[in-house]
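Quick notes on the structure that follows.
None of the values given here were measured: they were computed from a predicted structure. Because only heavy atoms are used, hydrogens play no part in the values below, and waters and symmetry mates are left out as well, while side chains stay in.
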Amino acid sequence: MSEDFMRRAIALALENIEYGGGPFASVIARDGRIVAEGVNRVTATNDPTAHAEVVAIRAACSALQTFQLLDCDLYTTCEPCPMCLGAIYWAHTARVFYACTAPDAAAAGFDDAFIYDELKLPHPARRIPMAGLLREEGITVFQKWSSKPDKTPY
């Protein structure tokens, strides 16, 4: 754990606000050095997935030429949202350190609690209803993947 890495994330978030971006930033570190940084780029790139953690994970994976960050720590200015939390788990980061909490973000207008609530609902009852379609045809994709001898599991 390094307070310096968190201070760097906070400085990046403050700088991002000055340039018209969101108040979020992340730093990924390994072996005592920064591997990648990311700031919220949602409005700058018109990409709702460009949260600071996702941007940093993409940069770290590119820099390290891997899709798993097993020996990396992620420092982020706020407790990760559900999307970022999913990305963090898929990236297999070693640890996550955050400065502010989800209630702090909600107080600033960034409330993601509704997503957690939505996940508890049956698919048809969600704000964006979801329904299965063509499963029998679609399952062939997983069958082909399962039988592929040279696949890279992830």
Side-chain angles (χ1 to χ4, degrees), residues 1-133 135 138 141-142 152-154:
M1 173 173 45
S2 169
E3 291 179 356
D4 290 338
F5 295 144
M6 185 61 77
R7 285 190 181 98
R8 175 63 182 156
I10 292 168
L12 287 168
L14 289 168
E15 184 178 302
N16 198 45
I17 293 168
E18 291 299 316
Y19 289 109
F24 303 99
S26 293
V27 167
I28 295 179
R30 181 175 79 173
D31 297 329
R33 67 178 186 81
I34 293 175
V35 173
E37 300 175 336
V39 296
N40 182 283
R41 308 264 311 136
V42 171
T43 58
T45 60
N46 293 315
D47 179 355
T49 69
H51 288 202
E53 295 91 337
V54 173
V55 171
I57 287 169
R58 289 173 180 162
C61 288
S62 179
L64 298 173
Q65 293 296 289
T66 183
F67 55 86
Q68 294 188 340
L69 303 174
L70 298 167
D71 52 353
C72 295
D73 291 334
L74 187 144
Y75 295 81
T76 187
T77 55
C78 190
E79 186 177 356
C81 75
M83 178 186 68
C84 293
L85 188 59
I88 288 164
Y89 273 98
W90 282 118
H92 300 281
T93 58
R95 299 180 296 181
V96 175
F97 300 98
Y98 57 89
C100 299
T101 64
D104 295 331
F110 297 94
D111 192 357
D112 56 18
F114 79 95
I115 297 173
Y116 289 106
D117 294 338
E118 286 282 303
L119 292 173
K120 297 172 192 170
L121 296 173
H123 291 177
R126 294 178 180 172
R127 283 189 209 178
I128 301 174
M130 299 181 184
L133 185 63
R135 181 181 179 273
V141 175
F142 289 121
T152 302
Y154 60 96

For a quick test of reading the model, state the closest non-hydrogen atom pair linking [X] to [Y] and the distance between them.
X   : Y   : value
A94 : L70 : CB-O, 3.3 Å
E53 : L74 : CG-CD2, 4.0 Å
A52 : N40 : CB-N, 3.7 Å
F5  : V27 : O-CG2, 3.9 Å
V55 : G38 : CG1-CA, 3.8 Å
V35 : A63 : O-CB, 4.2 Å

Option passing side chain to side chain contact (heavy atoms under 4.5 Å, CB included) with H51 (candidates P80, C78, C81, S26)
C81
Any side-chain heavy-atom pair from D112 and P82 closer than 4.5 angstrom?
yes
Non-hydrogen side-chain atoms of F67 and T152 separated by less than 4.5 Å
yes
Rounded to the nearest 0.5 Å, how far does [atom2] of [Y] lie from [atom1] of [X]?
X    : Y    : atom1 : atom2 : result
Y75  : D4   : OH    : CG    : 9.5 Å
F142 : R135 : CZ    : CZ    : 9.5 Å
R8   : L12  : CZ    : CG    : 4.0 Å
M83  : L85  : CE    : CG    : 11.0 Å
D111 : Y116 : CG    : OH    : 11.0 Å
C61  : I28  : SG    : CD1   : 7.0 Å

Would you please test E18 and L14 for side chain to side chain contact (heavy atoms under 4.5 Å, CB included) and show each step?
CA-CA 7 Å; E18 291 299 316; L14 289 168; over 6 Å; no
Considering residues, nucleotides and ligands other than Y98, do more than 12 of their heavy atoms fall under 6.0 Å from its OH?
no
Start with the C-alpha gap between L64 and R30, add the side-chain angles, then the distance that decides, and say whether side chain to side chain contact (heavy atoms under 4.5 Å, CB included) holds.
CA-CA 10 Å; L64 298 173; R30 181 175 79 173; 3.4 Å; yes
What's the verdict on side chain to side chain contact (heavy atoms under 4.5 Å, CB included) for I88 and I57, showing C-alpha distance, side-chain angles and the deciding distance?
CA-CA 8 Å; I88 288 164; I57 287 169; 4.0 Å; yes
Decide yes or no on side chain to side chain contact (heavy atoms under 4.5 Å, CB included) for T76 and C84, but give the supporting numbers first.
CA-CA 11 Å; T76 187; C84 293; over 6 Å; no
Are the side chain of E79 and the backbone of A102 linked by a donor-acceptor contact shorter than 3.5 Å?
yes
Checking N16 side chain against G22 main chain: does a donor-acceptor pair fall under 3.5 Å?
yes
F110 vs F24 aromatic rings, parallel, tilted or perpendicular, using cut-offs 30° and 60°?
perpendicular
